[in-house]
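Have a look at the structure below before the remarks.
Position 1 is the first residue of the sequence, and the numbers go up from there.
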Amino acid sequence: MKDYYTPGEVAERFGLTLDTLRYYEKAGLLRRVERAPSGHRRYRTDDVDLLYLVRCLRDTDMPIARLRDFAEMVRDGDHTIPDRLGVLQSHQHHLNTRIAELRERQDTIQHKIDYYLGVLADNPGLAERSAPAGATSASDAAAVAATAKESF
């Protein structure tokens with residue numbers, strides 16, 4: 001395992017732009033990044049580990065201010081572990097609530113898809129007029145519709 005990573009390596013690993021990586025530094029989500037003797041920025045393994053968690057939390061909609069607080073707790077040391085646990089548990093609860101809401105929305109959408117597939121099955125002429133993309137006939141439209149129903 002390497003001791004240091006270049007900004008380009010870190011950005012590529014996380015699918016970020018260099019600008020986003022710099023933003024994370026300026027926003028206080030990462031500690032002050034070290035410089036190589038050449039003056040180039042370099043990231044330590046613990047920076048990369050923290051960035052992985054930051055990306056996970058950000059990708060699950062944790063606000064930047066809350067991320068900044070969390071990152072500061074990490075930098076402050078182990079005595080902040082109870083507080084960090086509280087932040088993560090709170091975020092997990094928020095995430096579970098959001099997932100439940102999204103599942104309800106997904107069920108509603110699936111219900112409407114099933115309804116429309118039923119309408120098309122009962123009215124083949126309607127499928128002919130509004131065939132899904134890639135369908136060239138009513139039978140193709142029905143096949144596409146059946147595939148869509150089975151795959152979701």
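- Under the side chain to side chain donor-acceptor pair (under 3.5 Å) test applied with Y4, the options R41, E34, E9, H40 reduce to a single match, E34.
- In this structure a side-chain-to-backbone donor-acceptor pair under 3.5 Å is present from T97 to H93.
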For this session: Carefully, step by step, assess L88 and F70 under the rule side chain to side chain contact (heavy atoms under 4.5 Å, CB included).
Result: CA-CA 9 Å; L88 293 176; F70 183 82; 3.8 Å; yes

Exercise. Checking side chain to side chain contact (heavy atoms under 4.5 Å, CB included) for the pair T45/Y5: CA distance, chi angles, key distance, verdict?
Worked result: CA-CA 8 Å; T45 300; Y5 300 87; 3.8 Å; yes

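- Residue pairs meeting the salt bridge (Lys or Arg N to Asp or Glu O under 4.0 Å) criterion with at least one partner in residues 58-71, sequence neighbours excluded, are R55-D59.
- Closest approach of V74 to T80, counting heavy atoms only: N-OG1, 4.3 Å.
- Note that K26 lies outside the cation-pi zone of Y23, set by a 6.0 Å cut-off to the ring centre and a 45° limit from the axis.
- Screening residues 89-100 for salt bridge (Lys or Arg N to Asp or Glu O under 4.0 Å), with sequence neighbours left out, gives R98-E101.
- Taken together through direct or relayed side-chain contacts under 4.5 Å among Ile, Leu, Val, Met, Phe, Trp and Tyr, I99 and M62 form parts of separate hydrophobic clusters.
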For this session: Carefully, step by step, assess L30 and Y43 under the rule side chain to side chain contact (heavy atoms under 4.5 Å, CB included).
Result: CA-CA 10 Å; L30 301 173; Y43 296 88; 4.1 Å; yes

For this session: Take R44 and L50 through the test side chain to side chain contact (heavy atoms under 4.5 Å, CB included) and record every step on the way to the result.
Result: CA-CA 10 Å; R44 296 184 339 182; L50 179 57; over 6 Å; no

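- Ion pairing between E25 and R22 fails under the 4.0 Å rule for side-chain N and carboxylate O.
- When side chains are defined from C-beta on, Q106 does not count as touching L102, because their heavy atoms never get closer than 4.5 Å.
- The shortest heavy-atom contact between F14 and Y52 is CE2-CA, 3.5 Å.
- Both Y116 and L120 belong to a single network of hydrophobic side chains, linked directly or stepwise wherever heavy atoms of I, L, V, M, F, W or Y lie under 4.5 Å apart.
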